[in-house]
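What you are looking at is a predicted structure, and each value in this text was computed from that prediction instead of being measured. Atom set for the values below is all heavy atoms of this structure, side chains included, hydrogens, waters and symmetry mates excluded.
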Amino acid sequence: MIKLNHNNFIKARDYIFANAEEIDRAWFRYVFEDKDDDLFLDSLKKYQYENGGFGGLYYEFDYKGPCLKSTEIAVKRILSLEKKPSSDLPIIRETMKYLLDNYLPGIGNWREVVTPEVNDGAHCHWVRYRGEDTTPIENEDERIRRYDANEKLCFAAFVSYYSELVNQELLHDILKYPTEHILRYWDENSPNYDRTIFERGEPYNFEYFQHFIPYIRNKSLADRLTSILCQSPTSFMELDLKKSTRDYVHLPCDSVSSPDSVVYPVVKELVDKSLEYRINQQSDDGRWPLGWSFGSDENLQKLQVKYEAYRTLDMLIMLDKFKRIEK
């Protein structure tokens, strides 16, 4: 089994500490050095605004104010802590308030993850604010059909884990739309099965659903959703590994990024093979390059350096989860 050797791990660490933001260095220290939950939460709290939202945690734009996209990163980090923080902590309660303030019951999902202010500064064209339609969808079945997990389903996972902070009727509403969407449109045995989901092969919803299912408290429901996700997992993966050198693609290990994933057992060989390919893509300076450019603008280039440091950190964390780093 190919592993990242210790020298290359040190190269990656040095690249992160030279180019990453302080919060990413704090996350590195948490994962690989001290496992100090309180210390990391103290660092994360510095990025939280009075309204409970987080800013400055995502590097495809330079806007530092609160938005759901940066809050997504904060939520992912919180849920990745080995010891989950108490719901009594202000950082948890304020995050929950922000999430619920930005939930749209009439749509069955959250608002757009970026705000108009993102467009005022340097930003990648694919994350620009395009406006949003908050008109309620009157028909519940239509809200379920149109449910989009991308970037937002981690909020439902957070709500489910800290359910004691949420009105039970609202909790049921938030969890109903993603679960019913999978049951109706992803299950090949359902009369509403939507084959086009798999023909498009867009990886995002598939990946977010994996992270959501472990937070469903109804085990029989979680097991049923797991079996559905395992029906056609390769539809959302790029199996030509070489394409990742020059294009933005999701290899099996990008789509199934942990051995704890509910899907991993059915695609283990593909994931393991792609992990080895990713290991060999590390640059001499220690980073994992994107393989594409944010753009030639100086400010976009600065963002790309931060993003590649962030990506390098997440690559190390993934390799560590699969025990692919020499100690």
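- Note on ring orientation: taking the six-membered ring where Trp is involved, the planes of Y30 and W27 are parallel (angle under 30°, cut-offs 30° and 60°).
- To the nearest 0.5 Å, the span separating CG on L316 from CD1 on I16 amounts to 4.5 Å.
- Nearest heavy atoms, I23 versus F40: CD1-CE1, 3.7 Å.
- The two residues M318 and C253 come nearest to each other via the heavy atoms SD-O, 3.1 Å.
- Y147 and H181 have tilted rings, their planes meeting at an angle from 30° to 60° on a 0 to 90° scale.
- When atom types are taken as modelled, the side chain of Y215 and the backbone of L79 share a donor-acceptor pair closer than 3.5 angstrom.
- In this structure, E72 and F155 approach most closely via the heavy-atom pair CA-CE2, 3.6 Å.
- There is a side-chain donor-acceptor pair under 3.5 Å between D272 and Y264.
- Heavy atoms of other residues, nucleotides or ligands lying less than 6.0 angstrom from CD of E298 number 12 at most.
- Checked options T134, I137, T135; the residue passing with L104 is T134 (criterion: side chain to side chain contact (heavy atoms under 4.5 Å, CB included)).
- Classified by interplanar angle (parallel below 30°, tilted 30° to 60°, perpendicular above 60°), the ring pair F236/F206 is parallel.
- Screening E117, E151, E112 for a salt bridge (Lys or Arg N to Asp or Glu O under 4.0 Å) involving K69 leaves a single residue, E151.
- For NZ of K84, the number of neighbouring non-hydrogen atoms (other residues, nucleotides, ligands) closer than 6.0 Å is greater than 12.
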Residue pair Q231, Y193: steps toward the side-chain hydrogen bond (donor to acceptor under 3.5 Å, both in side chains) verdict: CA-CA 12 Å; Q231 287 175 359; Y193 175 64; 6.0 Å; no

Salt bridge (charged side-chain N to carboxylate O under 4.0 Å, His left out) between D254 and R278, worked out: CA-CA 9 Å; D254 304 321; R278 283 296 191 203; 2.6 Å; yes

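- Within 6.0 Å of NZ on K219 lie no more than 12 heavy atoms contributed by other residues, nucleotides or ligands.
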Worked verdict on E94 versus K45 for side chain to side chain contact (heavy atoms under 4.5 Å, CB included): CA-CA 10 Å; E94 292 166 16; K45 181 64 178 173; 2.5 Å; yes

Residue pair R184, D141: steps toward the salt bridge (charged side-chain N to carboxylate O under 4.0 Å, His left out) verdict: CA-CA 10 Å; R184 296 186 189 186; D141 290 337; 3.0 Å; yes

From CA spacing to verdict: side chain to side chain contact (heavy atoms under 4.5 Å, CB included), Y177, I107: CA-CA 10 Å; Y177 293 106; I107 293 176; over 6 Å; no

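- Between the side chain of S261 and the backbone N or O of S258, no donor-acceptor pair lies under 3.5 Å.
- Without hydrogens or angle criteria, T71 side chain to C67 main chain gives a donor-acceptor distance under 3.5 Å.
- Within a 6.0 Å sphere centred on CG of N139, other residues, nucleotides and ligands contribute more than 12 heavy atoms.
- With hydrogens and angles disregarded, no donor-acceptor distance shorter than 3.5 Å links the side chain of S235 to the backbone of G201.
- Scanning both residues, Y162 and I78, for their nearest heavy atoms gives OH-CG2, 4.2 Å.
- Ion pairing of K327 with D320 is present here, as a side-chain N (NZ or NE/NH1/NH2) and a carboxylate O approach within less than 4.0 Å.
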Candidate pair V114 and Y63, rule side chain to side chain contact (heavy atoms under 4.5 Å, CB included), full reasoning: CA-CA 10 Å; V114 297; Y63 171 65; over 6 Å; no

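- Using a distance-only test at 3.5 Å, with no hydrogens or angles considered, no donor-acceptor pair links the side chain of S255 to the main chain of P252.
- Using a 4.5 Å heavy-atom threshold, the side chains of C124 and Q304 count as separate.
- At least one side-chain heavy atom of L175 sits less than 4.5 Å from a side-chain heavy atom of S160.
- At least one donor-acceptor pair closer than 3.5 Å links the side chain of T226 to the backbone N or O of A222.
- Side-chain contact between P233 and V256: absent, with no pair of heavy atoms (C-beta onward) separated by less than 4.5 Å.
- At a threshold of 4.5 Å between non-hydrogen side-chain atoms, the residues Y59 and E308 do not count as touching.
- One N or O on the side chain of Q301 and one on the backbone of G295 form a donor-acceptor pair closer than 3.5 Å.
- Not one N or O on the side chain of S283 forms a donor-acceptor pair closer than 3.5 Å with the backbone of D285.
- Under a hydrophobic-cluster definition in which Ile, Leu, Val, Met, Phe, Trp and Tyr are linked whenever side-chain heavy atoms come within less than 4.5 Å, directly or via other members, V305 and L300 are assigned to different clusters.
- In this structure the side chain of L303 never reaches within 4.5 angstrom of the side chain of E60, judged on heavy atoms.
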Steps toward side-chain hydrogen bond (donor to acceptor under 3.5 Å, both in side chains) verdict (Y208, D148): CA-CA 10 Å; Y208 279 91; D148 181 14; over 6 Å; no

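- The closest donor-acceptor contact from the side chain of Q281 to the backbone of W288 lies at 3.5 Å or more, if one exists at all.
- Atom OG1 of T196 and atom CZ of F198 lie 9.0 Å apart (nearest 0.5 Å).
- Electrostatic pairing of D173 and K176 counts as a salt bridge here, judged by a charged N lying under 4.0 Å from a carboxylate O.
- Put simply, the side chain of V271 reaches to within 4.5 Å of the side chain of F322, judged on heavy atoms.
- For the pair N205 (side chain) and N150 (backbone), a donor-acceptor distance under 3.5 Å is present.
- Open room surrounds NZ on K97; 12 or fewer heavy atoms of other groups in view lie less than 6.0 Å from it.
- Contact check for I73 versus F54: no side-chain heavy atoms found under the 4.5 Å cut-off.
- For CZ of R195, the number of neighbouring non-hydrogen atoms (other residues, nucleotides, ligands) closer than 6.0 Å is 12 at most.
- The pair K306-D24 does not count as a salt bridge, with every side-chain nitrogen at least 4.0 angstrom from each carboxylate oxygen.
- In K35, the NZ atom is crowded: over 12 heavy atoms of neighbouring residues, nucleotides or ligands sit closer than 6.0 Å.
- The residues D36 and R29 are annotated as not salt-bridged, no charged nitrogen and carboxylate oxygen being separated by less than 4.0 angstrom.
- No side-chain donor-acceptor contact under 3.5 Å links E21 and Y47.
- Side chain to side chain, T95 and Q48 meet the donor-acceptor criterion of an N or O pair below 3.5 Å.
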Step-by-step side chain to side chain contact (heavy atoms under 4.5 Å, CB included) determination, L239 to M237: CA-CA 6 Å; L239 302 183; M237 303 171 185; 4.1 Å; yes

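- Here the side chains of L57 and R77 are not in contact, with every heavy-atom distance at 4.5 Å or above.
- Around the NZ atom of K273, the shell of radius 6.0 Å holds no more than 12 heavy atoms that belong to other residues, nucleotides or ligands.
- Here K46 does not pair with E22 in a salt bridge; the nearest charged N to carboxylate O distance is not below 4.0 Å.
- Closest non-hydrogen pair, R130 versus H125, comes out as NH2-O, 3.5 Å.
- When all heavy atoms of L229 and F209 are compared, the pair lying nearest together is CD1-CB, 3.9 Å.
- The six-membered or imidazole ring of F158 lies away from that of Y161, with a centre-to-centre distance of 6.0 Å or more.
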